[in-house]
Amino acid sequence: MVLAIHLAYWQQTIIKSIAVLLCVLLPAGAFVNLFLFKMSSFMQSRLGPMEAGPHGQLQLLAEVGKSLQKEDITPAKADEKLFKLAPYLIVASVLLVYVVVPFGPDAYFTNLDVGIFYALAVSSLSVIGVLIAGWASANKYSLLGGLRAAGQLIAYELPMVLAVVGVVIQAGTLNMQGIVAAQANGEIFGFSGLGNPYILTQFVGFFIFLVAAQAELTQTPFDMPVAESEIVAGYMTEYSGLRFLLFFIAEFASVGAFGALAATLFLGGWYLPGLDMTANYMNVLGPIIVLTKIIVIAGVIFFVRFTYPRFREDQLQKVAWTFLIPLSLANIFLTAILKVVF
Amino acid sequence: MPPKPNIPGKGLIKGLGVTFKEMTKTMFPNEGMKKLIPSPSKGAHTVQYPHVKEAPPTRARGVIALLEENCTVCMLCVRSCPDWCIYIEGHKYKAPPRREGGKPRTVSALDRFDIDYALCMYCGICVEVCPFDAIFWSPEYEYSEPRIADLLHDKERLVEWMDTVPEYEAYEAGSEAKVKKLPKKGGK
Amino acid sequence: MTAVSDRQQLQYIAGQAADARVNVELETEGMTLNLGPQHPATHGTLRIIVKLDGEQVISADTVMGYMHRGYEKLVEVRTYPQVTTLINRIDWLSSFANEVPFILAAEKLMEVEAPPRAQWIRTILFEMARVANIGLFLGEMGLQLGAMTAAFYAFRDREFVLNQIEAVTGGRFHPNFDRIGGLKDDLPKGWIDETKIVMKRMREFCDEMEELLVGNEIFQARMRGIGVIPAEVGLSYGLSGANIRASGVDWDIRRDGGPTPLPYKDLDFTVWTHPDGDSFARYWVRLQETREATRLVDQMLNGLPGGSIMAKVPRIIKVPEGEAYVETENPLGAMGYYIVSKGDLGPFRVKIRSASFSNVSIAPWVLRGVYVPDIITILGSLYFILGDIDR
């Protein structure tokens, strides 16, 4: 951050840690409040929570308070250390994804040269957390859920990575800031006023990324691991109180994380056409722009979630392996050819 | 047989359209879509209960009211209840004759008339069976208590419910049934 | 009569192979999973003990009785109006439909016929109960599969039907309206027009469900070809109602059940069948049945005869000695009451033939070799209510 005062490294680290926590909690809270409570309720002809605060805006606070005061139950036969470790692993992996998302020309946590590669690698750490939760719960439903999750999350990593490869080919760099700059400075058939958000050229990649993200987030129609009507709550069955709250926060925060990645890769990140890329005020305006784009993408994800029934596990795998991966390979092929030709 | 969707994905898009339409119907009911005034409280199908109360229909079986003057302690309602939730005690006394030189009449008086709403199945057999029009249905439903024992409504409380008993409705065309009239209090 | 389909055969073979693998090669036990009495998917307290090999079912056992309330014993000490009150609660979603076969059987024993207006209104309420019950199934099948929004639409639109039933009988879920010899009371003013509007709304609801769920590719992928029940197997297990009509058997008690005092022979309705016998067929048949029921109600409202509501029956009803059995096409299937009377105020013995008890008995046969999610799909599409199974 370009500030008037000069902070020591450890002070900067503290500010960044608090900021990343805010980054996680703010979108999670916003999505739960806006989409889970209100949008899904309006779709279902009802109003959602209305009692806590005006129009139920304080319901989040009530939910957090309720979860915090619950009894901490660990099943008798569960593997205690692993059981308690699992939620923290998942939250940690979500926190680590936000570290590499740029929010402004100088507003970023780190500027890794392997930005997007790091983000995808670290987001797959949550698979371990889910597996551990499923196994350590000593519950057959959790085990089923955990194993389904393992298969599903690993299967959908591939289409996601391949979809991103198309963007990387077009941008020419793995650095997230570089991708934003490439979109800002790009041209559409010679017209440079709008920049070149990659959703226009990489629409196939965008579609694949969204579908794969829906599966990575275990949202319907890919929510076999947490199939509520079959295996109760899947790998989260035995968790209650604060631990369940951590799972819940992690789920909604990772919606935000993948939304941030999609916004940066396909929608242009913190840049809006017409704004100055290097100005100082972009460090304040940038996060707001990114948050808006995240909300739009999360809106699409939740809209699909509340409408469709869920796939069965083998159908899910079929979609990934026989439909998405060939499609993304074709996309890469085409992108590479067009990049060289044009 | 419903045809399979021709374009792959058409069914999925239609499904999204349905939920989107419902969402906009809830957020902008009636004419709101033309002026984009959101008023979800009017569009939702749910009623915010403690603040807004729906009125049940006239015949709704909410609570049973007692018209004490008409009861002759015949015990028909007690015997016909499937749960045996009505408790009645009465006694007979000699009332003065109606005209001079007649015999004193035996009249029954009601001592105790309790209905245990913790047991009551709200079937209405007691109301139907009473030959003297002493008990009636009322659509009141807000009488839940924190203690089960308080759900035993005694005679005074049951008489209080008489104020909430509505008049009988008219019947549809083509019906031969005659509309009954609610007896006025104080008559027999 | 269709033979066992290829897919069903393959699944059965796979189940056997899984069994063999488990027992011989790897020396590992299959996992026994209890889809226990408390579970979001079973409609109440049904327990299914499945032995799994990974995600495939080797064998399934249903354990019922967690909700047994002892109806057949309770009614031995109660009079006929009191029994009518109790039996409302057997299949609690199709409220009025439970009373009808019982009252018809009692009237058969008494040799009393209710006047035509009463029979017509009885049938109107019967078909409205069918709309309410199967309408809920349409939305709630989506809930079993994960589309929670569909269930909300079903509950929302069901409210309209329940409000109409409450306007007539005074009770939404437990009308307790049928009496030996007729009905308790007549229709209130304005009810016929309101009900026509409600039926139109229910038809729009069916269209909405068709757009939201039936055309949905995911829904079709989950339901087509799952849980195929060939017609002979279904008949041998005693399936009835939409379950057997979805396997291609054209049988409906309303049309084929012999002479009945209910006015079905004067009405014009289609009986829907589907040749496939899979879960999608059962859903589709029920969707068409709901529409057909709304049309039936409209027909009956237009042609309702005038007259009295109650035949001449004594105040205290004593049904003469004898035995009678009457079966009707209830929303869940074929429901019948076998009344043995000894001339008392109440029946001596009542045997309740409930549809769901037979419908769910096919579960061990049809669940072999399927995946765990398919268990939920198949059981959901067979559509049973626990109160009906356990009585």
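Proteins get letters first, then strands, A, B, ... in listed order; numbering begins at 1 in each.
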In Å and rounded to the nearest 0.5 Å, what is the [atom1] to [atom2] distance from [X] to [Y]?
X: C:Gln82; Y: B:Arg79; atom1: CD; atom2: CZ; value: 11.5 Å
X: C:Phe177; Y: B:Arg59; atom1: CZ; atom2: CZ; value: 6.0 Å
X: B:Thr46; Y: C:Phe155; atom1: OG1; atom2: CZ; value: 14.5 Å
X: C:Arg89; Y: B:Met121; atom1: CZ; atom2: CE; value: 3.5 Å

So, does [X] use its side chain to make a donor-acceptor pair with the main chain of [Y] at under 3.5 Å?
X: C:Arg78; Y: B:Asp83; answer: no
X: C:Glu217; Y: B:Leu12; answer: yes
X: C:Arg315; Y: B:Val129; answer: yes

I'd like to know which of [options] tops the heavy-atom pair count under 4.5 Å against chain C.
options: B:Ser80, B:Cys123, B:Gly62, B:Pro82; answer: B:Pro82
options: B:Trp137, B:Tyr168, B:Tyr122, B:Tyr171; answer: B:Tyr171
options: B:Gly124, B:Ala60, B:Pro56; answer: B:Ala60
options: B:Pro57, B:Gly15, B:Cys81; answer: B:Pro57

Q | B:Lys21: salt bridge (Lys or Arg N to Asp or Glu O under 4.0 Å) partners, not counting sequence neighbours | A | none

Q.
Could you work out, with salt bridge (Lys or Arg N to Asp or Glu O under 4.0 Å) as the rule, every residue matching B:Asp116, not counting sequence neighbours?
A.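 Per chain and number, B:Asp116 pairs via salt bridge (Lys or Arg N to Asp or Glu O under 4.0 Å) with no residue.
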
Q | Engaged part of C:Phe219 at the chain B interface, taking heavy atoms whose separation is under 4.5 Å | A |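 Contact with chain B involves no heavy atom of C:Phe219 at all.
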
(Q) Please classify the contact between C:Thr79 and chain B as side chain, backbone, both or neither, with a heavy-atom cut-off of under 4.5 Å. (A)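 C:Thr79 has no heavy atom closer than 4.5 Å to chain B.
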
**Q.** Contact origin within B:Pro131 toward chain C - heavy atom pairs under 4.5 Å
**A.**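 Its backbone and side chain both get close to chain C.
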
Q: Can you check whether anything in residues 160-169 of chain C gets within less than 4.5 Å of chain B, heavy-atom wise, and list it by number?
A: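 So far as heavy atoms go, C:Phe160, C:Glu166, C:Ala167, C:Val168, C:Thr169 are the residues that approach chain B to under 4.5 Å.
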
Q: Enumerate by number any residue of residues 179-186 of chain C whose heavy atoms lie under 4.5 Å from heavy atoms of chain B; in the absence of such residues, state 'none'.
A: C:Arg179, C:Lys184, C:Asp185, C:Asp186

Q) Most heavy-atom pairs under 4.5 angstrom with chain B, which of C:Gly306, C:Gly170, C:Pro81? A)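 Sorted descending by pairs with chain B, the first entry is C:Gly170.
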
(Q) With chain B as the partner, which of C:Ile309, C:Asn88, C:Thr85 has the greatest number of non-hydrogen pairs under 4.5 Å? (A)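 Most heavy-atom pairs under 4.5 Å with chain B: C:Thr85.
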
Q: Measure the shortest side-chain to side-chain distance between C:Glu208 and B:Glu22 over non-hydrogen atoms and say whether it is less than 4.5 angstrom.
A: yes

**Q.** Within-4.5 Å side-chain heavy-atom neighbours: C:Glu159 and B:His45
**A.** no

Q: Show your reasoning for whether side chain to side chain contact (heavy atoms under 4.5 Å, CB included) applies to C:Thr84 and B:Ile125.
A: CA-CA 10 Å; C:Thr84 314; B:Ile125 300 184; over 6 Å; no

